[in-house]
Protein chains: 2
Amino acid sequence: MKTSFDLEKFIEDFSTNCNKVQLKTFSKNETVTSYIKNRNQLCILIKGTADLVRYDLNGNRTIVEHFSKNSLFGEVFYDITTNNELLVEARANCTVLFYIYDDLFQKCKQNCKFHKELAENLPQLILNKVTDLNMRIELLTKRSIRDKLLGYFSLISTRNLSPSFELPFSLTDLADYLSVDRSAMMRELKLLKEDGFIEKSGNRITLNYR
Amino acid sequence: MKTSFDLEKFIEDFSTNCNKVQLKTFSKNETVTSYIKNRNQLCILIKGTADLVRYDLNGNRTIVEHFSKNSLFGEVFYDITTNNELLVEARANCTVLFYIYDDLFQKCKQNCKFHKELAENLPQLILNKVTDLNMRIELLTKRSIRDKLLGYFSLISTRNLSPSFELPFSLTDLADYLSVDRSAMMRELKLLKEDGFIEKSGNRITLNYR
DNA sequence: TATTTTCTGTTGCAAAAGCAACAAATTATT
DNA sequence: AATAATTTGTTGCTTTTGCAACAGAAAATA
């Protein structure tokens with residue numbers, strides 16, 4: 001895992017009069033922001049978890065990204081070309097920093113402490129985001145539900161340094177994240193149990209493969 | 001589209017004695033690099049086109065990313081957790097800049113012109129990469145081959161500012177890029193023609209929807 | 001230019017995934 | 001504690017996708 005500085009710590013003892021920065025809190029299930037064409041917001045999740053969710057024309061819901069502490073989101077990272085609605089929804093109580101900027105990597109005119117720190121650390125945070133996106137692509141390019149599940153489990157297991165873990169999603173959300181039908185996914189989970197690949201009780205999974 | 005500085009122009013009249021930078025050329029179908037665990041190379045495609053390709057255990061080939069001028073690649077952007085082979089293959093004659101770095105965003109000790117310029121421009125190039133990856137995810141999360149094709153076509157069409165365009169891939173490669181079976185994709189293309197969504201002659205597609 | 005290789009286009013059949021509907025279990029709300 | 005809402009688990013049926021195999025076209029190579 002790549003290291004990154006502790007933004008939360010930094011924010012805590014941070015008081016700025018910089019008018020380009022806003023700190024807001026959200027409670028579970030609230031909409032944090034929706035992506036709007038021709039705006040270019042940058043947001044940093046300081047605390048909590050949230051999802052970027054898309055609802056398409058067929059009524060399918062997709063969890064496009066899953067955010068936790070230090071995750072970046074906002075239109076800066078997205079070319080909004082489609083008519084799909086893109087919403088960021090709080091999964092737990094959240095603290096989010098909104099950054100309205102002229103030039104993302106330029107220090108603001110006041111040259112305030114916040115902008116200085118941000119400019120220094122943003123590149124690494126973005127790099128973390130890129131590796132996250134690449135892992136997501138690796139999952140999505142797998143051809144079967146089985147391979148998607150196994151790939152996802154193996155990922156979480158590696159992160160937790162344990163073959164046994166609680167899913168960070170409900171099973172309903174996991175299906176939306178892997179972009180597959182929920183009932184088909186449930187069926188495949190059952191088969192994975194029957195074939196001895198995994199053990200499962202509730203949302204706790206134990207892997208029987210390395 | 002986001003703007004970015006012209007790296008090719010910059011490289012042309014660039015001569016450095018910085019020992020951390022290498023410029024190499026490749027001809028079509030040559031392997032530019034393969035991703036190696038515990039190395040952290042950063043590469044910039046100065047000229048040409050190339051693909052990041054993965055071969056999985058089932059023998060499936062996936063085009064993970066498609067690179068053109070100014071694209072970034074290398075292990076910096078990838079957590080190599082799987083046993084899958086990841087190769088960058090030149091699709092056309094290429095010029096690639098390899099950057100062996102200690103700290104990606106730190107100027108090198110010699111404080112050479114190249115590192116200065118790169119440090120200034122890298123963040124924007126990375127941001128472009130992030131929006132590319134997000135578009136790719138949007139495509140891959142579409143549930144049917146039909147929607148993937150239509151989404152992809154609409155993307156290319158928007159980029160080219162025209163409802164008619166040559167595919168930048170062979171159809172075989174397009175299937176590997178959309179992560180679907182080639183023959184199933186061909187069948188769907190035929191249906192799209194029959195249903196009047198597209199016209200197709202060879203690798204030229206014309207869209208009949210906006 | 002002849003020959004080999006790759007790519008396109010097609011099809012029948014098999015396997016996988018999606019859809020719809022519902023009951024049971026769990027969690028949230030009043 | 002009672003009720004409502006959401007999530008889990010399951011299944012029969014339908015549709016979509018994948019697989020395999022092959023012929024013709026196009027492109028690359030000798």
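Chain letters run A, B, ... following the sequence lines, proteins first, then strands; residues in each count from 1.
- Judged as a side-chain contact (heavy atoms from CB on, under 4.5 Å), and not counting sequence neighbours, the contacts of Leu139(B) are Tyr152(B), Tyr177(B), Leu178(B).
- A salt bridge is absent between Asp176(A) and Arg54(A); no separation between the charged side-chain nitrogens and carboxylate oxygens falls under 4.0 Å.
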Walk me through it: do Leu72(B) and Phe77(B) pass the test side-chain contact (heavy atoms from CB on, under 4.5 Å)? CA-CA 9 Å; Leu72(B) 305 180; Phe77(B) 303 107; 3.7 Å; yes
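- For Asp51(A), the side-chain contact (heavy atoms from CB on, under 4.5 Å) partners are Val53(A), Ile63(A), His66(A), Arg91(A), Phe169(A), not counting sequence neighbours.
- For the side chain to side chain contact (heavy atoms under 4.5 Å, CB included) with Phe98(B), the qualifying choice from Val21(B), Thr33(B), Leu23(B) is Thr33(B), the only one to do so.
- Here salt bridge (charged side-chain N to carboxylate O under 4.0 Å, His left out) pairs that include residues 148-157 of chain A, with residues two or more places apart or in two chains, number zero.
- In this structure Lys28(B) satisfies the side-chain contact (heavy atoms from CB on, under 4.5 Å) test together with Asn93(B), sequence neighbours excluded.
- Remark: Ser164(A) pairs with Arg204(A), Thr206(A) by the side-chain hydrogen bond (donor to acceptor under 3.5 Å, both in side chains) rule, at least two apart or across chains.
- The separation between Lys148(A) atom NZ and dA16(C) atom C1' is 12 Å, rounded to whole Å.
- Looking at residues 177-190 of chain A, you'll see Arg182(A), Ser183(A), Met186(A), Arg187(A), Lys190(A) sit with a heavy atom under 4.0 Å from some atom of DNA chain D.
- Across all strands shown, Lys200(A) has heavy atoms under 4.0 Å from sugar-phosphate atoms exclusively, and none from any base.
- Atoms NZ (Lys142(A)) and C1' (dA16(C)) sit 18 Å apart, rounded to a whole Å.
- Here the range on DNA chain D touched by chain B, meaning any atom under 4.0 Å from one of its heavy atoms, is dT17(D) to dA28(D).
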Checking side-chain hydrogen bond (donor to acceptor under 3.5 Å, both in side chains) for the pair Asn128(B)/Gln124(B): CA distance, chi angles, key distance, verdict? CA-CA 6 Å; Asn128(B) 293 348; Gln124(B) 183 59 55; 3.1 Å; yes
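- In terms of position on DNA chain D, the residue among Phe169(A) and Arg143(A) whose nearest nucleotide sits closer to the 5' end is Phe169(A).
- Taking atom CD of Glu166(B) as the reference point, atom C1' of dT8(C) lies 15 Å away to the nearest angstrom.
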What's touching nucleotides 23-30 of chain C from the protein side, N or O pairs under 3.5 Å?
none

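- By the 30° and 60° cut-offs, the orientation of the rings of Tyr35(A) relative to Tyr78(A) is perpendicular.
- Counting any heavy atom pair closer than 4.0 Å across all strands shown, Asn203(A) reaches sugar-phosphate atoms only and no base atom.
- Where the helix from dT1(C)-dA30(D) to dT30(C)-dA1(D) starts and where it ends, the local axes point in directions that differ by 60°; five pairs per end, rounded to 10°.
- Listed by chain and residue number, Thr172(A), Ala175(A), Met186(A) satisfy the side-chain contact (heavy atoms from CB on, under 4.5 Å) test with Arg182(A) (two or more places apart in sequence, or in another chain).
- Listed by chain and residue number, nothing satisfies the side-chain hydrogen bond (donor to acceptor under 3.5 Å, both in side chains) test with Ser201(B) (two or more places apart in sequence, or in another chain).
- If you measure from atom CG of Asp147(A) to atom C1' of dA17(C), you get 14 Å, rounded to the nearest angstrom.
- Separating the CD1 atom of Ile145(B) from the C1' atom of dG18(C) is a distance of 14 Å, rounded to the nearest angstrom.
- The list of side chain to side chain donor-acceptor pair (under 3.5 Å) pairs with a residue in residues 184-194 of chain B, not counting sequence neighbours, reads Arg146(B)-Glu188(B).
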